[in-house]
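Hydrogens, waters and symmetry mates play no part in the numbers below; they use all other heavy atoms, side chains included. Only a predicted model underlies this, so the values are computations on that prediction, with no experimental measurement involved.
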Amino acid sequence: MAYKALAHRSTDDVAVAVSDLKPGEELIIRSLDDGKTHRVKVLEAVPLGHKVALRDLPEGHVVIEYGEKIGRMIQAVKRGGYVHVHNIRTLRWDYGKTPGAKRQTQNAKGKPKVTASQKKGDR
């Protein structure tokens, strides 16, 4: 069976289109880690290489892909909807946009580094 979209892990919130997807298409999306499948009806056009939602993603939801947090929804998307830069914000630039979010940089060893403003107490 040829799949039109694939999920990296069965727990991911999104899958990647491996061909252009058209509204109304009924897809069986396979997870690469364990072969489990998701059934999704495409709601809007999703270009090759872009993401389709595997479940409803409310505004503020932290999206999982590759089993990792990749971004936060800035606009709700229904299952089968197109997930891209117009409705998701990468967590790399998320600081200050969400209540309680803090800018966190890393040192060369990948550990959180305290910024100058944090040293002054501006947390």
Side-chain angles (χ1 to χ4, degrees):
M1 168 182 247
Y3 296 97
K4 291 190 158 196
L6 296 168
H8 294 94
R9 300 220 174 145
S10 59
T11 56
D12 286 351
D13 291 322
V14 295
V16 177
V18 295
S19 66
D20 291 333
L21 305 179
K22 296 181 180 111
E25 282 187 279
E26 299 273 348
L27 303 180
I28 296 176
I29 298 173
R30 182 176 179 270
S31 299
L32 297 175
D33 65 339
D34 60 9
K36 289 184 180 176
T37 58
H38 301 267
R39 291 186 174 273
V40 174
K41 182 176 182 176
V42 178
L43 301 179
E44 54 195 308
V46 178
L48 167 71
H50 291 231
K51 297 170 183 37
V52 61
L54 295 175
R55 57 190 54 86
D56 289 348
L57 303 173
E59 183 178 342
H61 177 79
V62 174
V63 177
I64 304 295
E65 184 181 22
Y66 316 101
E68 300 289 331
K69 297 173 183 178
I70 63 156
R72 183 180 312 277
M73 297 305 298
I74 57 172
Q75 178 182 349
V77 172
K78 294 284 186 191
R79 177 186 182 138
Y82 180 29
V83 177
H84 197 53
V85 296
H86 63 285
N87 54 27
I88 187 172
R89 179 76 27 101
T90 178
L91 291 178
R92 170 177 259 177
W93 310 118
D94 189 46
Y95 53 86
K97 306 287 190 244
T98 306
K102 294 179 185 172
R103 181 177 183 169
Q104 195 173 54
T105 57
Q106 296 178 342
N107 64 20
K109 294 181 180 179
K111 296 190 178 194
K113 181 169 70 173
V114 177
T115 64
S117 63
Q118 289 171 328
K119 287 179 184 173
K120 293 178 183 176
D122 181 25
R123 297 180 187 207

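- Here the shortest heavy-atom pairing between Ala7 and Val14 reads CB-O, 4.2 Å.
- Side-chain heavy atoms closer than 4.5 Å link hydrophobic residues (I, L, V, M, F, W, Y) into clusters, and following such links, even through other members, never connects Val42 to Val83.
- Tracing side-chain contacts under 4.5 Å through hydrophobic residues (I, L, V, M, F, W, Y), one reaches Val46 starting from Val40; they form part of the same cluster.
- Ring orientation note: the planes of His86 and His84 are tilted relative to one another, at an angle of 30° to 60°.
- Looking at Met73 and Asn87, their side chains come closer than 4.5 Å, going by heavy atoms from C-beta outward.
- Atom CZ of Arg9 is separated from atom CD of Glu65 by 11.0 Å, given to the nearest 0.5 angstrom.
- Using a 4.5 Å heavy-atom threshold, the side chains of Leu32 and Arg30 count as touching.
- Residue Ile70 holds its CD1 atom at 8.0 Å from OG1 of Thr90, rounded to the nearest 0.5 Å.
- Residue pairs meeting the side chain to side chain donor-acceptor pair (under 3.5 Å) criterion with at least one partner in residues 14-29, sequence neighbours excluded, are Lys4-Glu25.
- Leu6 is not connected to Tyr66 by any chain of hydrophobic side-chain contacts under 4.5 Å among Ile, Leu, Val, Met, Phe, Trp and Tyr, and they are in different clusters.
- When every heavy atom of Val52 is checked against every heavy atom of Ala5, the shortest pair comes out as CG1-CB, 4.4 Å.
- Taking 4.5 Å as the limit, every side-chain heavy atom of Leu27 sits out of range of all side-chain heavy atoms of His38.
- One N or O on the side chain of Arg72 and one on the backbone of Gly60 form a donor-acceptor pair closer than 3.5 Å.
- Atom-to-atom distance recorded for Leu21:CG and Leu43:CG is 11.0 Å, nearest 0.5 angstrom.
- Counting non-hydrogen atoms of other residues, nucleotides and ligands closer than 6.0 Å to CZ of Arg55 gives a total above 12.
- At distances below 3.5 Å, not a single donor-acceptor pair connects side-chain atoms of Asp56 with backbone N or O atoms of Val77.
- Applying the side chain to side chain donor-acceptor pair (under 3.5 Å) test between Asp13 and each of His61, Lys69, Lys51, Arg79 identifies His61 as the sole match.
- The shortest non-hydrogen separation linking Leu57 to Ala53 is CD1-CB, 3.9 Å.
- The two atoms that bring Asp34 and Lys36 nearest to each other are OD1-N, 3.0 Å, heavy atoms only.
- Between Ile28 and Tyr3, the closest side-chain pair of non-hydrogen atoms falls below 4.5 Å.
- Shown here for Pro23 and Ala45, the closest heavy-atom pair between the two residues is CG-N, 3.6 Å.
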